[in-house]
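Heads up: the structure comes next, in structure tokens.
Quick note on labels: first sequence line is chain A, next is B, and so on, each numbered from 1.
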Number of protein chains: 2
Amino acid sequence: MTETLTPGCVSVIDDDPHVRGSISSLLRSCGYEVRLYESTAAYLAADRPETRCCLVLDVRLSGESGLEFTEKLARLAYAVPVVLITGHGDIPMTVRGMRAGAVDFLPKPFDDDQLLGAVEAALLADLGRRAEFERSLQLQRQYDGLTPREKEVMALVVTGLMNKQVAARLDLSEITVKIHRGNVMRKMVAQSLADLVRMAEQLGVRDDSIHRYSI
Amino acid sequence: MTETLTPGCVSVIDDDPHVRGSISSLLRSCGYEVRLYESTAAYLAADRPETRCCLVLDVRLSGESGLEFTEKLARLAYAVPVVLITGHGDIPMTVRGMRAGAVDFLPKPFDDDQLLGAVEAALLADLGRRAEFERSLQLQRQYDGLTPREKEVMALVVTGLMNKQVAARLDLSEITVKIHRGNVMRKMVAQSLADLVRMAEQLGVRDDSIHRYSI
DNA sequence: GTCGCTATCATACGCAGGTTTGGGCATACG
DNA sequence: CGTATGCCCAAACCTGCGTATGATAGCGAC
């Protein structure tokens with residue numbers, strides 16, 4: 001019965017071998033790739049899956065708690081979607097898990113369909129997140145290729161300053177600003193100022209010394 | 001003991017008069033303005049507070065459930081932060097509430113401090129949300145003031161097209177595009193193309209007929 | 001019908017953006 | 001020491017943008 005819509009890799013972290021086994025057999029029977037870990041440390045030590053993936057994580061673990069780990073993951077640039085499961089859950093724990101960005105929070109025992117639904121949602125979430133992450137990584141690589149001066153010029157240009165104003169602010173001649181600006185456009189592979197502005201927005205690049213009138 | 005950091009108005013919706021009364025006295029003693037309702041319908045019928053505000057909402061209500069109401073609120077442009085409270089909560093209910101965007105989910109009975117903390121967090125959230133809402137409202141008003149043609153020109157301009165290209169796409173002469181473009185800048189109160197691009201981003205204005213190479 | 005708004009276009013001027021060519025200076029790396 | 005890189009500037013040139021000024025035309029409101 002392989003009716004999986006979005007195939008992918010599910011990493012299961014649970015310190016109970018029996019739980020790992022039953023979840024594993026369920027997911028595998030549906031066509032998912034499954035990797036099993038007994039602790040968050042073991043998971044971190046392993047390689048990341050290349051394909052779409054998610055995490056099924058027990059809240060109560062011997063080492064680091066599943067909640068703490070979820071919160072830690074949320075602080076990363078690229079967070080894997082997490083499905084939390086627990087045998088002894090309560091409402092405050094659920095609140096904390098969901099706040100940390102968990103896709104779902106399932107109290108044991110749960111139906112097969114509940115877990116499958118949560119895993120499916122998590123893999124679907126990873127689809128979009130992964131694409132966005134790749135884009136922002138590429139953008140960051142381009143931005144890192146700029147020289148310090150070019151970054152300064154870019155920050156001022158995307159705030160809407162004219163070359164003349166940029167030159168005054170950086171104590172340069174206008175022609176120099178034009179050259180830097182041209183370099184920025186080429187290195188960032190921006191085909192228009194509008195493009196560059198959107199890239200800067202996504203990178204969080206802006207001039208701190210200016211108080212903007214809008215946004 | 002008025003040690004409130006962010007004063008504001010708390011609307012309490014609970015069908016139990018006793019609960020309303022006790023929550024009310026607690027919040028009032030801390031300096032909050034409190035309004036009491038016995039149903040979501042009664043809340044909707046009343047005026048919205050002008051100041052910073054939040055909602056304390058019982059999950060189990062006689063009419064519309066608190067969860068449904070929270071989900072409905074979340075679909076609005078400007079959603080009031082909600083603190084959910086319940087006497088008979090479980091984990092799936094908590095998951096649903098938090099997914100709907102609730103700030104907190106408190107099982108009864110709760111400590112005074114728990115409610116106060118949640119209300120404080122909700123009011124703080126409303127601070128930022130309210131400012132952002134005002135800005136986007138203002139922006140929308142300006143955008144609505146554009147003529148259809150001006151909106152078309154704006155959409156193409158912020159994607160990075162030159163006047164010449166915009167003219168070709170709309171089958172106009174370049175000078176006409178320039179005039180429309182000037183009108184757009186003036187009506188949107190944008191001081192630079194960069195400003196206009198950011199405004200368009202926030203408004204969700206973009207040209208659908210073009211496949212963008214980035215973002 | 002007249003007023004006002006929208007939309008269209010033309011000519012022309014001034015300013016801003018962008019590139020090329022060419023040059024000078026400092027620093028870092030081998 | 002030579003080379004590369006980053007940074008700076010200038011003259012010249014082309015293109016694009018923005019704004020007058022002026023003119024025509026359709027359309028809805030009063």
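Salt bridge annotation for A:Glu152-A:Arg149: present, with a cationic side-chain nitrogen under 4.0 angstrom from a carboxylate oxygen. In summary, A:Arg60 and A:Asp15 do not engage in a salt bridge, as defined by a charged side-chain N under 4.0 Å from a carboxylate O. Under a 4.0 Å N-O distance rule, the pair B:Arg198/B:Asp195 qualifies as a salt bridge.
Taking atom CD1 of B:Ile179 as the reference point, atom P of D:dC17 lies 15 Å away to the nearest angstrom. Straight-line distance from the CG atom of A:Asp195 to the P atom of C:dG17: 18 Å, rounded to whole Å. When the C1' atom of C:dA7 is taken as reference, atom CD of B:Glu150 falls 10 Å away, rounded to whole Å. B:Glu174 places its CD atom 14 Å from the P atom of D:dT19, with the value rounded to the nearest Å. Between A:His180 atom NE2 and C:dG18 atom P there is a gap of 14 Å when expressed in whole angstrom units. Per the geometry, CG belonging to A:Leu156 stands 13 Å off P belonging to C:dG17, to the nearest Å. Here the P atom of nucleotide D:dG18 and the CG atom of B:Leu196 are 10 Å apart, to the nearest Å. As rounded to whole Å, 8 Å separates atom P of D:dG18 from atom CG of B:Leu193.
Considering only side-chain N and O atoms, B:Lys164 lies under 4.0 angstrom from the phosphate OP1 or OP2 of D:dG16. Residue A:Thr176 places at least one side-chain N or O under 4.0 Å from the OP1 or OP2 atom of D:dC9. OP1 or OP2 of C:dT8 sits under 4.0 Å from a side-chain N or O of B:Arg149.
Here the side chain of A:Asn163 is nearest to one of C:dG17, D:dG16, D:dC9, namely C:dG17. The side chain of B:Met162 approaches D:dG16 more closely than any other nucleotide in the set D:dC7, C:dA7, D:dG16. Residue B:Leu172 places its side chain closer to C:dC9 than to any other of D:dC8, C:dC9, D:dA11. Listed nucleotides C:dA10, C:dA7, D:dC17 differ in distance to B:Thr147; the shortest reach to its side chain belongs to C:dA7. Among the nucleotides C:dA10, D:dC9, C:dG18, the one closest to the side chain of A:Ile175 is D:dC9.
Here SG of A:Cys54 is found 12.5 Å from CG of A:Leu127. Values are rounded to the nearest 0.5 Å.
Inter-residue side-chain proximity for A:Tyr143 and A:Met154 is flagged as met; some heavy-atom pair is nearer than 4.5 Å.
The 5' end of DNA chain C is approached more closely, in terms of each residue's nearest nucleotide, by B:Leu170 than by the other of A:Gly182 and B:Leu170.
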